[in-house]
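Worksheet: the structure to be examined is printed underneath.
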Amino acid sequence: MLVNLLKDRFLSDLKELIKKNKKDDGKSGASLDKIFKSIRLEEPKNKEFGDLTTNAAMVLSSYVKKKPMDFAEEVRSGIFSKWKMDESVAIINPGFINFNLKDRAIIENLNQVFIEDKNYGGNNSGAGRKIQIEYVSSNPTGSLHIGHGRWGVLGDVLSAIYVRNGYDVQREYYVNDYGTQAKIFAACAKSLYLKKFGVRFAYPQDGYPETAVSIVAEKLYKDYGDKFITSSSEAITDDIAIEKNAIDIMLAFIRNTLSSIGVEFDNWFVESSLYENNNFEKVIKFLKDNSLVYEQENALWFKSTNYGDDKDRVIIRSDGNPTYFASDIMYLINKKERGFDSLIYILGADHHGYISRLKAIGKSIGMADDAVSIIIGQLVRLVEGKEVLKMSRRKGRGMTLDDLAKDVGKDAIRYFFSMNSFDTHMDFDISLAKKKSSQNPVFYVQYAHARIGSIIRKLKEIKLDNIGEKEINEIENSSAVFCVEVLKNLKSFEFKNNSERNLAWVVSLFPDIVYDACKNNAPYFLTQYLYRLSGEFHYFYNHNIIISRNKANIKRLVLALAAKTVLKNGLGILGISAPEKM
RNA sequence: GCGCUUGUAGCUCAGCUGGAUAGAGCUACGGACUUCUAAUCCGUAGGUCGGGGGUUCGAAUCCCUCCAAGCGCACCA
């Protein structure tokens with residue numbers, strides 16, 4: 001990491017400087033920590049101000065009782081002048097400290113790309129920590145809608161980001177196969193299934209749309225024939241088997257759809273398993289023993305208000321049946337027992353009411369406050385031109401995720417859904433998504449990668465004076481270690497122009513982006529970064545010739561190869577292909 | 001009625017743990033292929049940051065209020 005490491009170093013140097021500056025009165029430690037949290041070392045909005053900027057002098061001025069400009073001067077002489085990496089340090093009113101890195105410092109960073117190669121971008125900040133991310137978890141009672149695609153992609157990419165940060169990640173899908181909705185779905189399937197045999201069984205009034213169910217009934221019939229009919233004349237069926245198989249079939253459809261856009265899970269957790277081995281009774285006993293519940297009007301209530309929820313919740317209804325919330329409790333206890341350090345739930349905005357109650361459960365069973373984090377993803381609205389298409393899953397209208405996946409393709413869908421923050425209410429323009437035009441930024445990024453691919457092909461075609469077989473082989477196997485030597489042997493490396501330097505700079509930022517994307521649970525950092533990198537590369541490509549006649553400009557080639565590795569690794573995290581040719 | 005989220009350029013979005021002239025892309029208009037892929041590049045145009053108050057040296061960012069949109073407020077799952 002470049003920026004984050006520099007920042008750490010800067011902050012610790014700054015602490016030293018302040019110690020010298022001010023006699024510690026022993027009381028100010030806490031407030032100083034607070035001030036330090038608002039210190040930034042980052043790229044300025046405007047490139048003219050340099051590579052990096054810090055607000056430290058302004059933030060600290062009142063603490064050290066000095067004018068920002070004066071303290072900035074001390075920071076410059078006391079810290080930055082001792083760093084050998086910085087080039088020029090400017091202090092600008094009202095107290096910004098701006099500086100540029102020496103070209104050599106950027107080059108040394110570039111070396112890491114070739115040393116770490118496929119692992120470049122990753123770090124070990126999460127080493128030894130087990131984290132679970134649960135996402136999609138749509139009821140297996142119908143096909144997925146487009147919103148599910150968004151959670152799926154975001155969950156998948158977020159998982160990949162955590163993996164790259166050294167975490168031990170488990171991706172989980174929670175299957176609601178228990179309770180009334182599953183029963184209703186099974187009854188729908190049964191009705192359509194029996195129809196095949198000319199037997200009438202009323203379709204539930206509040207049932208699911210037939211379009212979704214009919215695929216399931218069709219498959220039940222095709223795969224099992226009359227297996228579920230236990231008595232021919234009365235049309236008596238094995239309802240338990242129908243329910244189980246209907247749900248399994250639906251789940252297989254869901255799995256296929258998700259798989260078609262590259263969204264996979266390590267674990268498909270079945271709700272009904274929570275009720276095995278008298279677990280329900282055990283959990284209820286546990287809750288009673290810990291005085292977390294009370295009885296009222298024949299129902300059993302969970303005291304969630306004690307833990308920050310806005311109302312208490314029923315666990316066992318007055319008719320004796322457990323509520324969905326009971327499953328939530330058992331599920332969270334189960335997750336805790338599996339030994340995760342932290343849990344992430346990605347929920348659709350239609351479930352935001354869950355935040356407080358899930359957190360309440362977590363607290364009540366003694367989990368740390370920040371151990372359970374819930375990410376709310378806003379819904380996707382379908383738009384065609386200017387017309388808003390109301391989608392309703394229960395009514396079976398609107399485009400399904402499966403339709404979209406087939407229309408748009410995996411790469412575009414993943415890029416599109418990774419582009420925005422979770423909080424964005426997205427409008428998904430179907431007609432735009434279907435266009436495979438340059439309006440779709442995924443091509444822009446992929447094209448950058450493919451262009452470098454074509455440089456490599458050119459290298460092979462032409463006999464070059466300064467690049468041998470060995471190097472070309474290395475490049476082809478995408479393990480261009482020779483670049484490390486090239487970079488090391490450059491006696492005085494300076495960038496010829498801004499496009500070279502900017503490209504190298506952006507390449508060097510990749511590990512910071514992977515780190516920050518994780519800290520902020522923000523997959524879109526990556527997407528935006530890759531777009532920026534691609535832009536930087538396209539500019540570089542248009543302004544610098546790498547191969548002329550029978551000679552390659554080695555420095556530029558190294559730069560292009562570094563960019564290629566980062567593009568490939570970045571697209572890899574997004575789960576998007578990095579084509580050699582387009 | 002209460003709560004969560006959002007409101008930034010014609011469109012889609014960044015920026016929101018306060019900082020320097022508010023940034024990209026798409027669209028529109030004008031340029032660049034005898035040279036490693038023009039799915040690219042360069043340039044121009046486009047903004048009362050939903051409205052109004054407040055806090056501050058400084059507000060798109062924090063607070064209050066109003067308006068608008070989406071979504072929730074079950075002994076449904």
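In the text below, chain A, chain B and the rest are named by the order of the sequence lines, each starting its count at 1.
A cation-pi contact links A:Lys335 to A:Tyr345, judged by a cut-off of 6.0 Å to the six-membered ring centre and 45° from its axis.
At B:rA20, one or more side-chain N or O atoms of A:Lys45 fall inside 4.0 Å of OP1 or OP2 (strictly under the cut-off). Contact between the side-chain N/O atoms of A:Arg451 and the OP1/OP2 oxygens of B:rA38 is found at a separation under 4.0 Å.
Side-chain proximity of A:Thr53 to the nucleotides B:rA14, B:rA20, B:rC75 is greatest for B:rA20. In this structure, the nucleotide among B:rA77, B:rU6, B:rC36 sitting nearest to the side chain of A:Tyr354 is B:rA77. Nearest nucleotide to the side chain of A:His543, out of B:rU21, B:rC41, B:rA39: B:rC41. The nucleotide whose nearest atom lies closest to any side-chain atom of A:Asp427 is, among B:rA39, B:rA20, B:rC13, B:rC13. Comparing B:rA77, B:rG72, B:rU35 by their nearest atom to the side chain of A:Ile545 picks out B:rU35. Checking B:rC71, B:rC76, B:rA20 against every side-chain atom of A:Asp350, the shortest atom distance belongs to B:rC71.
Using atom C1' as the reference point in both B:rA32 and B:rC11, the two lie 27 Å apart (nearest Å). Rounded to the nearest Å, the gap between the P atom of B:rG72 and that of B:rG54 is 38 Å.
Within a 6.0 Å radius of NZ in A:Lys303, other residues, nucleotides and ligands contribute more than 12 heavy atoms.
Applying a 4.0 Å cut-off to non-hydrogen atoms, the residues of residues 322-333 of chain A that approach RNA chain B are A:Thr323, A:Tyr324, listed by residue number.
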**Complete:** Output field dot_bracket for RNA chain B (Watson-Crick or G-U, both distances under 3.5 Å, | for other-strand pairs) contains (((((((..((((.........)))).(((((.......))))).....(((((.......))))))))))))....
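Residue A:Ala412 comes nearest to A:Asn440 through the heavy atom pair CB-ND2, 3.5 Å, listed as atom of the first residue, atom of the second, then distance.
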